[in-house]
Amino acid sequence: MGVAEPTLDEIAAREALCRLVTAYSRAVDRRDFDLLRSLYDEAATDSHGRMFEGGRDAYVAFCERALRAYEATVHYVVNMDFVIDGDRAEGEVHKINYHRTHGPGGYEIVTGSRSLDHYIRRDGTWRFLSRQITLDWARKQPVDPAAYHDFAAGSPPGQPGPGDLSYHVLKAFPRGPGTPPARSPKGGTT
């Protein structure tokens with residue numbers, strides 16, 4: 001089979017699709033539901049197995065409810081492959097997903113999954129047309145609170161929402177239109 005050299009249009013489309021896929025992780029992990037909604041076409045559907053199946057707005061509402069169960073989530077995109085056909089494309093996106101439940105006795109759930117995506121480009125903007133998740137592996141273990149104090153040289157912990165350090169440091173990164181201005185670590189707005 002081999003791999004043909006891409007055209008400049010294909011390179012541009014792949015870059016846009018990579019940015020779309022990683023923006024999804026940012027939207028979910030920062031709980032920026034306006035940004036999440038903006039990444040899906042109005043006609044889009046999402047299928048997370050038995051947990052959820054439905055349209056864009058219902059999926060965003062599902063995420064808002066489901067993510068309340070977690071103190072933190074991190075969705076790492078580790079591999080992406082796209083096939084582009086004009087204003088439509090398909091993608092297989094490999095991910096490692098970290099979920100930490102609240103409080104004492106919490107758990108860390110780490111999964112390896114793939115998103116099997118269809119994308120559509122309208123007016124020069126790529127969005128998800130459908131996403132279907134398949135689970136490849138999973139692991140669950142109790143949270144070790146001491147681990148969060150022993151590593152990363154005392155780095156501030158990540159957090160959902162606009163209080164995350166990324167909202168203070170990365171001003172040009174996308175955020176949903178309803179996301180409030182970031183607050184500086186000293187309490188003022190930025």
Side-chain angles (χ1 to χ4, degrees), residues 9-10 12-100 109 111-136 138 158-164 166-167 170 172-182:
D9 287 341
E10 288 174 315
R14 286 178 201 278
E15 175 62 22
L17 292 170
C18 286
R19 292 179 69 197
L20 175 67
V21 166
T22 57
Y24 173 91
S25 294
R26 178 171 177 75
V28 168
D29 294 335
R30 301 289 67 82
R31 312 303 194 259
D32 190 337
F33 301 112
D34 289 334
L35 175 58
L36 181 61
R37 182 177 286 103
S38 77
L39 303 176
Y40 281 80
D41 188 76
E42 289 180 11
T45 60
D46 196 289
S47 176
H48 271 64
R50 290 181 301 228
M51 291 190 312
F52 176 84
E53 188 155 341
R56 175 188 71 178
D57 293 334
Y59 178 64
V60 172
F62 162 78
C63 285
E64 287 186 64
R65 288 188 310 274
L67 289 168
R68 289 182 194 133
Y70 302 105
E71 180 180 356
T73 60
V74 184
H75 292 77
Y76 297 99
V77 176
V78 294
N79 219 5
M80 295 176 267
D81 194 15
F82 304 108
V83 175
I84 300 157
D85 184 12
D87 288 334
R88 293 192 175 252
E90 293 183 353
E92 182 177 42
V93 179
H94 294 247
K95 302 175 296 184
I96 298 174
N97 313 293
Y98 171 85
H99 301 78
R100 185 174 67 236
I109 300 109
T111 64
S113 67
R114 288 173 288 132
S115 295
L116 309 175
D117 298 338
H118 289 92
Y119 313 97
I120 191 163
R121 178 171 46 191
R122 296 187 201 275
D123 300 321
T125 301
W126 286 99
R127 289 189 172 83
F128 295 107
L129 186 58
S130 71
R131 294 201 100 186
Q132 185 163 350
I133 307 304
T134 183
L135 180 67
D136 290 323
Q159 57 183 294
D164 186 73
S166 67
Y167 281 89
L170 305 173
F173 268 61
R175 61 185 77 198
T179 304

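When a residue number appears, it is its place in the shown sequence, counting from 1. This one's a predicted model, so the numbers in the text were calculated from it and none came from an experiment.
Contact check for Arg37 versus Asp34: side-chain heavy atoms found under the 4.5 Å cut-off. Between Lys95 and Ser115 the shortest side-chain heavy-atom distance falls below 4.5 Å. Using a 4.5 Å heavy-atom threshold, the side chains of Arg26 and Ser166 count as touching.
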I would like to know whether Asp123 and Thr125 meet side-chain hydrogen bond (donor to acceptor under 3.5 Å, both in side chains); could you show each step before the answer? CA-CA 6 Å; Asp123 300 321; Thr125 301; over 6 Å; no
Before you tell me yes or no, could you show the steps for Asp46 and His48 under side-chain hydrogen bond (donor to acceptor under 3.5 Å, both in side chains), namely the whole-Å CA-CA distance, both residues' side-chain angles and the distance that decides it to 0.1 Å? CA-CA 7 Å; Asp46 196 289; His48 271 64; 2.5 Å; yes
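Separation of atoms CZ (Arg114) and CD (Gln132) is listed at 11.0 Å; rounding is to 0.5 Å. Separating the CG atom in Leu116 from the CD1 atom in Ile133 is a distance of 7.5 Å, to the nearest 0.5 Å. Between the CD1 atom in Ile84 and the CG atom in Asp9 there is a gap of 9.5 Å [rounded to 0.5 Å]. Here the straight-line distance linking atom CG of Asp32 with atom OG of Ser38 works out to 8.0 Å at 0.5 Å rounding. Note that the CG atom of Asp29 and the CG atom of Leu36 stand 10.5 Å from one another [nearest 0.5 Å]. Here the straight-line distance linking atom OG1 of Thr73 with atom CZ of Arg100 works out to 9.5 Å at 0.5 Å rounding.
Without hydrogens or angle criteria, Thr45 side chain to Gly54 main chain gives no donor-acceptor distance under 3.5 Å. Of the possible polar contacts, none joining the Asn79 side chain to the Val93 backbone as a donor-acceptor pair under 3.5 Å is found.
The number of heavy atoms from other shown groups lying within 6.0 Å of CG (Asp85) does not exceed 12.
Residue Asp41 forms a side-chain hydrogen bond (donor to acceptor under 3.5 Å, both in side chains) with just one option from Arg127, Arg121, Arg122, and that option is Arg122.
Ring to ring, Phe128 and His118 are not that close: their centroids are 6.0 angstrom or more apart.
Aromatic ring orientation, Tyr119 versus Phe82: perpendicular (interplanar angle above 60°, classes split at 30° and 60°).
Both tests pass for Arg131 against the ring of Tyr24: distance under 6.0 Å to the centre and angle within 45° of the axis.
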